[in-house]
Amino acid sequence: MKKRLPPLNWLRTFEVSARHLNFTQAAAELNMTQAAISQQIKGLESQLGVTLFKRLPRGLELTEAGLAYLPVVHESIKRLAVATDELFGRGRDRSLTVRTNLVFFTNWLAPRIGRFREQFPSVGLRFTSNIWAEESEKDADLDIRYGKGSWRGFRADRLSWDELIPVCSPSIGDTLPSSPEDLINYTLLHVIGYEEGWGYWLSQTGYPHIDSDQSIQLDTLITGLEMAVQGHGIALGRTSLVAELIESGRLTAPLEERIPASEAFYLVSPDKQYEHPHAGIFRDWILEEAEHTRDIDSM
């Protein structure tokens with residue numbers, strides 16, 4: 001038979017008492033009498049059928065059952081407090097924090113964000129950059145990542161359907177490469193952190209033997225593309241990120257060979273966590289933008 005959920009005030013009393021390991025201090029924090037604290041703990045222990053505290057001459061000690069129960073009670077109360085503040089308190093006006101891959105923000109999201117602001121002027125936004133190394137998700141409501149869309153415990157909505165294409169400045173030299181064979185004469189700009197880099201592209205196009213001795217390694221794609229714009233070499237671009245640069249004439253794609261990328265940009269969020277009230281608005285908007293861009297690219 002399933003145990004009934006104990007009253008919330010009993011659980012709150014247990015959490016505070018476990019934090020202080022002292023009924024007197026718990027009573028002071030909750031503005032209750034020590035007798036009321038003790039009575040609620042006894043009621044909780046009676047309902048659960050276990051002892052949660054060892055009563056010692058000078059304080060308390062959690063039993064094994066208490067130690068096992070405390071983390072889930074603490075997290076549940078914390079999440080309930082956050083949700084209450086988000087929906088009904090000052091937290092409801094907190095800006096939506098989106099941590100985003102830097103090159104995706106610069107080349108894809110930033111040019112489109114004006115449309116979001118026009119449609120939803122009351123939604124506050126805060127953007128933070130996320131270099132390719134994974135970091136803690138605690139300070140972001142949504143995250144834009146590059147990968148294959150599989151992160152345990154997270155929902156991932158695809159934002160890009162890229163092809164990998166070599167790009168360079170139109171003024172890189174007297175003649176642009178007309179075949180992958182010509183790449184041996186140019187500096188290749190390698191970006192670490194991407195599974196599908198130059199080695200993958202050359203192998204897929206049938207030129208695995210090409211190896212430029214003048215290659216340069218960089219840790220972000222945004223620096224790789226800027227190096228290409230400045231004429232320092234040839235970068236391997238993702239179509240969603242280089243479309244505007246090619247249209248503006250800052251970059252050109254001299255080769256016809258294109259390889260579909262299995263990696264993509266994704267909007268990521270924890271699948272079992274309370275969401276910011278405006279997370280759904282932003283998700284719906286950016287997915288619509290992504291689908292619209294995909295439709296244009298396929299025409």
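For T205 (side chain) and L202 (main-chain N/O), a donor-acceptor pair under 3.5 Å exists by modelled atom type. Remark: the backbone N or O of L102 is paired with a side-chain donor or acceptor of T106 at under 3.5 angstrom. Without hydrogens or angle criteria, S38 side chain to Q34 main chain gives no donor-acceptor distance under 3.5 Å. Without hydrogens or angle criteria, S179 side chain to E181 main chain gives a donor-acceptor distance under 3.5 Å. Judged by distance alone, with hydrogens and angles left aside, the side-chain atoms of D141 form a donor-acceptor pair with the main-chain N or O of T97 at under 3.5 Å. The backbone N or O of K42 lies less than 3.5 Å from no partner atom in the side chain of S46, so there is not a single donor-acceptor pair. Side-chain N or O atoms of R238 include one that pairs as donor or acceptor with a backbone N or O of L236 at under 3.5 Å. Side chain of D162 to backbone of S240: a donor-acceptor contact under 3.5 angstrom is found. Under a 3.5 Å cut-off, the side chain of R158 and the backbone N or O of S160 do form a donor-acceptor pair. In this structure, R55 contributes its side chain and F53 its backbone to a donor-acceptor pair below 3.5 Å.
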Item to complete: Let me see the working for R99 and L142 under side chain to side chain contact (heavy atoms under 4.5 Å, CB included), right down to the final yes or no.
Response: CA-CA 6 Å; R99 179 173 36 244; L142 297 170; over 6 Å; no
Would you please test N107 and L225 for side chain to side chain contact (heavy atoms under 4.5 Å, CB included) and show each step?
CA-CA 10 Å; N107 291 34; L225 293 178; 3.6 Å; yes
Stepwise ring pair (Phe, Tyr, Trp, His ring centres under 6.0 Å) test for F120 and F282: CA-CA 9 Å; F120 308 102; F282 186 84; 9.4 Å; no
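Side-chain contact between L183 and L255 is present, with at least one heavy-atom pair separated by less than 4.5 Å. Put simply, the side chain of Q217 does not reach to within 4.5 Å of the side chain of L189, judged on heavy atoms. A heavy-atom distance below 4.5 Å is found between the side chains of V103 and F265.
Taking the ring centre of F154 as origin, the terminal cationic atom of R145 falls inside the region bounded by 6.0 Å and 45° from the ring axis. Judged by a 6.0 Å distance limit and a 45° cone about the ring axis, R12 is not positioned over the six-membered ring of W10.
Closest approach of I165 and I246 over heavy atoms only: CD1-CD1, 4.1 Å. When every heavy atom of L62 is checked against every heavy atom of A18, the shortest pair comes out as CD2-CB, 4.0 Å. Closest approach of T63 to T51, counting heavy atoms only: OG1-O, 2.6 Å. Listed here is the closest heavy atom pair of Y146 and A261: OH-CB, 4.4 Å. In plain terms, the two heavy atoms of G233 and C168 that are nearest each other are O-CB, 3.9 Å.
A salt bridge links E275 to R283: one of the charged nitrogens lies within less than 4.0 Å of a carboxylate oxygen. Between K148 and E195 there is a salt bridge, with a side-chain nitrogen of the basic residue lying less than 4.0 Å from a carboxylate oxygen of the acidic one.
Between Y200 and Y194, the distance separating the two ring centers is not shorter than 6.0 angstrom. For W201 and Y207, the gap between ring centers reaches or exceeds 6.0 Å.
In this model, no donor atom of one side chain and acceptor atom of the other lie less than 3.5 Å apart for Q230 and S169. Side-chain atoms of E15 and H20 form no donor-acceptor pair, as typed in the model, at a separation below 3.5 Å. No side-chain donor-acceptor contact under 3.5 Å links N9 and T13. Looking only at atom types and distance, the side chain of R112 has a donor-acceptor partner in the side chain of T293 under 3.5 Å away.
Counting heavy-atom neighbours within 6.0 Å of Q47 CD, excluding the residue itself, gives a total above 12. Enclosure of atom CZ in R117 by more than 12 non-hydrogen atoms of other residues, nucleotides or ligands within 6.0 angstrom is indicated. Enclosure of atom CD in E291 by more than 12 non-hydrogen atoms of other residues, nucleotides or ligands within 6.0 angstrom is indicated.
Considering E45, E61, E64 as possible partners of K54, the one that fulfils the salt bridge (charged side-chain N to carboxylate O under 4.0 Å, His left out) test is E61. Remark: of the listed residues E29, H74, Q25, E29 is the sole one forming a side chain to side chain donor-acceptor pair (under 3.5 Å) with R19.
The aromatic rings of F127 and F105 sit tilted, their planes meeting at an angle between 30° and 60°.
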